[in-house]
J.: 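A single structure is presented below for examination.
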Amino acid sequence: MSAYTIQPSKIPAFPITGSDELFPIRRVFCVGRNYSEHAREMGHDPDREPPFFFMKPADAVVSADGVINYPPLTQELHHEVELVVAIGKDGFNLSPEVALEHVWGYGVGVDLTRRDLQAQAKKMGRPWDWAKGFDEAAPCSALTPVRATGHPEAGWIWLRVNGVERQAGDLADQIWAVNEVISHASKSVKLKAGDLIFTGTPAGVGSLKVGDSVQAGIDGIGKLAFTVGPRLD
Ligand code: MN
């Protein structure tokens, strides 16, 4: 086998609750709209249209236990707390009935969004990548295996900024349940062990500013906390 011409990057890997092992991250899929109240606050009809997806780079997933810098190019950095699904087994064209067999575990993540860039992209018919896929755009809690969490069908999901509640909802209010989200994603691509799926956010998304303290959690799954660091630009 030929040698690499430059040193290859390390595979992004993530801490696991109660273990010294790491979860290797392959790709990050995110569901665009998955709670009715959030669909309405973004100006959309929350009818049960098929879920749509966008992606973040695997190394945008960072541990949410310190400082997350305020990214460049935006005046409107938004928080979106989400249930994160970690895929542990490859699968293609999965039915909702078998989809959960492919879940390794769960976590809590924040889909950080440069909302002003996203609004511009929507208006101009451009892709969302620059709004969603920047460095540190996906702070996440440690991941917890299914054997400890089960498969959550309900549970309070919340986010506070400086102690004030911004987002609150229940996993039971997801338009598409986890097994359905996995099934849909697996019809588009071969899901692989190591893939993460951010499953959408409840209502109450809003702006973060430098110095804000963010706490978020999902009952039975985990919690995270980080501070918004200085602007990078
Ligand atoms: Mn989101």
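Indexing begins at 1, ligand by ligand and atom by atom, following the structure's order.
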J.: Is there any side-chain hydrogen bond (donor to acceptor under 3.5 Å, both in side chains) pair reaching into residues 5-14, and which pairs are they, with sequence neighbours excluded?
T.: none
J.: Quick one: side chains of residues 61-70, donor-acceptor pairs under 3.5 Å with protein atoms, not counting sequence neighbours, listed by atom name and distance.
T.:
unit_1	atom_1	unit_2	atom_2	d
Y70	OH	L77	N	3.3

J.: Excluding sequence neighbours, so at least two apart, what forms ring-ring contact (aromatic ring centres under 6.0 Å, His included) with W104?
T.: F23
J.: What are the protein N/O/S atoms, named by residue and atom, that sit under 2.8 Å from the Mn ion (ligand 1)?
T.: E80 OE1, E82 OE2, D111 OD2
J.: Identify whether the distance between the nearest side-chain nitrogen and carboxylate oxygen of E136 and K56 falls below 4.0 Å.
T.: no
J.: Would you call D195-K192 a salt bridge at under 4.0 Å N-O?
T.: no
J.: Strictly under 6.0 Å, is that where the ring centroids of W128 and F53 end up?
T.: no
